[in-house]
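Notes for the one structure printed next.
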Amino acid sequence: MTTQAVTAPANLDFEEGAIGDVPDSWASPAQSGGYTVRLTNEDPKRGRYCVEIAKTAVDDSPESPFGNVMQMIDATPFRGKRLRFTGWAKTKSVIADWLRLSSSRAQAWFRVDRSLGTIGFFDNMQDRPIRSSSWRHFEIVGDIAKDAEYINLGLMLQGNGRAWLDDVQIEILGDGGIGNQPARELNQRQLDNVIALTRLVGYVRFFHPTEAVAKTNWDLFTIKAVRHVEDASSAEELAQRLNEVFSPVAPTVQIGVSGSQLTLPEALDEAQSDTRIRFWEHRGVKLVGPRSTYSSKQRVSTNAPVSPHDPIRLDLDGGVTTLVPTAIPTKDGVTYEGTAFKELQIDGMPHDWRPSNDDRSTRLAAVISTWNVFQHFYPYFDVVDVDWNAELTRALVASATNDNEADFCLTVERLIAALHDGHGRVFPMSRFVPPPVAFDWIGESIVVTAIGEGVDERLQHGDVVTEIDGEAIDTIVASLRDRISAATPGYLRVQILSRLGYGPNRSTFKIKTRSPSGEEKEISLERKATSNFPQPLRESRPEQGSEVADGVVYVDLDRISRLGEFKRLIPKLANANGIVFDIRGYPGFRFTPVIAHLIDEPVTSAQWHIPLVHHPDQQDRKFTFSNWKVKPKSPRFTKNIAFITDGSAISAAETFMGIIEHYKLAEIVGQPTAGTNGNVNPFTIPGGYTIAWTGMRVLKHDGSQHHGVGIQPTIPVSRTIEGIAAGRDEFLERAVEALVQNIEQI
């Protein structure tokens, strides 16, 4: 199903509809993975009814990561206005068998869809979820772009449990854009000032251990700091303005012109070795979200890894220097606290102003926040080639002059791409739909590999793409390379393919191709979405559990979404002469039982190393080690097994394949995997974008590098245009050939 827009907000009090159904004028595009949406009369906030989202069985199914109830509204009457979306929500987690508590969180969300599929204002309350079992009021304020097409709003539930929504209101507050700074260039003095601010924000936010710092809203603080500090005309004025900004929050932090003799407060300087010390301890870093592999806490100990006598002392850009204490005694009667910064108050700014990417100071603050997270916590600077300081300069200069959402999104994407992290993404991405064709790389050419129904019959498998909408394919690829974060060339190619031909729903585009015989063709294609989450066209693969050769059974792990689907295949796999497991993609279920049937003795995963950070700029960084074990399970499958994989296999797929590789459990057929593994650690930046990235270091079983290397095939395979034109799966053919040879030798 696709969500239909209403001409005006409707049924916001949920008083219309039948109990047990989705409320009138609302939609539930994510009713999968066990989530349901229904109108209920159970304890409404107001009136007779409210709406409930529920997932009451503890289930790790990845089919849908959240339940959702939403309304799509025609944006035309609201263009150029500032809107406030308010309502009441509550949530309740479910206690399942063995008293296992499954955490749930509700998040109201508000998104503006602009022309050509681009995203406008977006806020999904990632940094302030609702976890209360009592009704709680929420508010989201945002500006509606002048080219806005639709306004989308609703409530989503993550995790197992229930969430309720009631008494929604939408209010026009006035004209949009009031209070925003327009785009303008940074001169060299301003750039130096903002770079100095960038470094100081990171040092104080992540390493100055006071309650005020921990409770400060650093998004709002940084926006105000940008506005206050940027125009300082000299080093003396910069030092003064930085002190004015930071002193209320962190009074022991000092800033002076370069060469100043900054000294510790007397009580800090006189701290004894047995004094209890407060300090930051980051295991990775935790910025937002519920339970996580990562944590950031202020700890107190007499045996601290940092000392009050050794603060951060550094010269910053712009001719200023700073002293930032990273260890503070907890001696009675002595306080080093400031006042947490929680609300943005700037003279002349409307009280209803909210950060958005249409505001220059918000964009600069977003770059500052993003750069600092990676500067202090990214685990792979030692194996990727990047000048991170130069990237800061480039991103600040670009963001200051970006005058539309699409350009700023590109700026952030380029910053993340410099990290060469396959998990690196910027969300939300444009709401484009896939084309009715699929492509793959053959050498340096991009070739048509699958064709949807109703497409011009002149387009054939094996055709080489030369242009899309009049632009040379080489030019398109070059522009995509600059904005995609990838650790290996193979994964970069996969991600380039994932963006080719995408565009607005119901839009048309033209591609020029050259057939294997040399015939040139220009064909018009239409993009069509049949659901709210349209999936790209895929090449056909054999049926699950089918025999692809005498006694050789095929299993596509990428198409299995639940463990039960795999369990139903076990009897057939136990009696097979050979098995081909296809993992060109991502396992959509808990895959350890597959490993369990391939082993005779316990095996372990690769090595997980979470950064243990007490010092800035990755100094004296340590790591905490962990892995996990898989025990054998009957029946033991045949040892005549091949895994097919390629550059699309990332993260959990590489955990799986790393076990296969290290313990030599099967032949690995195809191409290297994506070379990116480890738990993703998302955070939200000013303006609403969410950045995904890898927060830990993963090493192979023997301690060697995995990032940028991946899992290597034991039987490398490359596709050919001739094979694609003939409809052959050359990876599968080579895997079957290897297994049949083994059968014949037995």
Side-chain angles (χ1 to χ4, degrees), residues 60-62 541-606 627-646 648-649 651-671 673 677 700-701 711-717 729 731-746:
D60 296 326
S61 168
R541 294 182 183 174
E543 293 294 324
Q544 294 282 32
S546 61
E547 286 197 15
V548 290
D550 188 20
V552 177
V553 179
Y554 175 85
V555 179
D556 187 355
L557 295 172
D558 189 34
R559 296 197 332 246
I560 295 178
S561 60
R562 294 177 181 272
L563 182 57
E565 295 176 41
F566 170 72
K567 288 182 175 179
R568 286 192 289 272
L569 295 172
I570 288 177
K572 190 166 189 177
L573 298 177
N575 294 310
N577 293 326
I579 304 172
V580 176
F581 286 108
D582 198 335
I583 195 164
R584 287 173 285 183
Y586 190 89
F589 69 108
R590 185 166 50 88
F591 61 78
T592 50
V594 180
I595 299 290
H597 289 285
L598 305 181
I599 56 178
D600 299 313
E601 297 178 349
V603 298
T604 67
S605 67
N627 64 4
W628 40 262
K629 182 181 294 186
V630 182
K631 296 180 180 180
K633 183 178 291 188
S634 295
R636 170 64 156 88
F637 297 161
T638 173
K639 294 184 179 181
N640 192 28
I641 295 172
F643 279 82
I644 303 175
T645 193
D646 63 8
S648 65
S651 199
E654 295 187 280
T655 299
F656 193 141
M657 293 306 302
I659 296 173
I660 302 300
E661 177 185 57
H662 179 72
Y663 292 98
K664 297 179 173 57
L665 299 177
E667 294 285 4
I668 301 174
V669 180
Q671 296 175 350
T673 59
N677 202 356
K700 295 195 175 191
H701 289 75
I711 309 303
Q712 301 297 309
T714 59
I715 304 177
V717 180
D729 185 338
F731 283 33
L732 177 58
E733 288 176 355
R734 185 65 185 89
V736 171
E737 178 186 339
L739 297 185
V740 170
Q741 287 175 351
N742 290 340
I743 294 172
E744 291 174 348
Q745 293 172 5
I746 296 175

Between Thr673 and Ile583, does the side chain to side chain contact (heavy atoms under 4.5 Å, CB included) criterion hold? Intermediate values first, please. CA-CA 10 Å; Thr673 59; Ile583 195 164; over 6 Å; no
Given side chain to side chain contact (heavy atoms under 4.5 Å, CB included), test Val553 with Phe637 step by step and report yes or no. CA-CA 11 Å; Val553 179; Phe637 297 161; over 6 Å; no
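Looking at every heavy atom in both residues, Glu543 comes nearest to Ser546 through O-OG, 2.7 Å. The two atoms that bring Val736 and Ala549 nearest to each other are CG1-CB, 3.6 Å, heavy atoms only. A pairwise comparison of heavy atoms in Ala735 and Ala642 identifies CB-CB, 4.1 Å as the closest pair. Across every non-hydrogen atom of Pro635 and His597, the tightest pair is O-ND1, 2.8 Å. The two residues Phe643 and Ala666 make their nearest non-hydrogen contact at CD1-CB, 3.6 Å. Here the closest heavy-atom approach between residue Pro593 and residue Leu563 is recorded as CG-CD1, 3.7 Å.
Atom CD of Glu654 is separated from atom OG of Ser605 by 13.5 Å, given to the nearest 0.5 angstrom. Residue Ile743 holds its CD1 atom at 7.5 Å from OG1 of Thr638, rounded to the nearest 0.5 Å. To the nearest 0.5 Å, atoms CG (Asn577) and CG (Asn742) are separated by 11.5 Å. Atom CG of Leu573 is separated from atom CZ of Arg568 by 13.0 Å, given to the nearest 0.5 angstrom. Here Ile660 contributes atom CD1 and Leu665 contributes atom CG; the two are 4.5 Å apart, rounded to the nearest 0.5 Å. A distance of 11.0 Å separates CD in Gln671 from CD in Gln712, rounded to the nearest 0.5 Å.
A heavy-atom distance below 4.5 Å is not found between the side chains of Phe591 and Leu557. Ile560 places a side-chain heavy atom less than 4.5 Å from the side chain of Val555. Side-chain contact between Phe656 and Ile711 is absent, with no heavy atoms from C-beta onward closer than 4.5 Å. For the pair Asp558 and Asp582, the minimum side-chain heavy-atom distance is 4.5 Å or more. Contact check for Phe731 versus Thr645: no side-chain heavy atoms found under the 4.5 Å cut-off. Inter-residue side-chain proximity for Phe589 and Val594 is flagged as met; some heavy-atom pair is nearer than 4.5 Å. Side-chain contact between Leu732 and Val580 is present, with heavy atoms from C-beta onward closer than 4.5 Å. Between Thr592 and Trp628 there is a side-chain heavy-atom pair separated by less than 4.5 Å.
Checking Ser648 against Asp646 by side-chain atom types alone, a donor-acceptor pair falls below 3.5 Å.
When Arg584, Arg734, Arg541 are each tested for a salt bridge (charged side-chain N to carboxylate O under 4.0 Å, His left out) with Asp729, only one passes: Arg584.
For Lys633, the NZ atom is loosely surrounded, since the number of other residues' heavy atoms within 6.0 Å does not exceed 12. Surrounding CG of Asp550 are at most 12 heavy atoms belonging to other residues, nucleotides or ligands under 6.0 Å away.
Of the possible polar contacts, one joining the Lys572 side chain to the Gly545 backbone as a donor-acceptor pair under 3.5 Å is found. A donor-acceptor distance shorter than 3.5 angstrom exists from the side chain of Gln544 to the backbone of Asp556, with no hydrogens or angles considered.
Tyr663 and His701 have perpendicular rings, their planes meeting at more than 60° on a 0 to 90° scale where under 30° would count as parallel.
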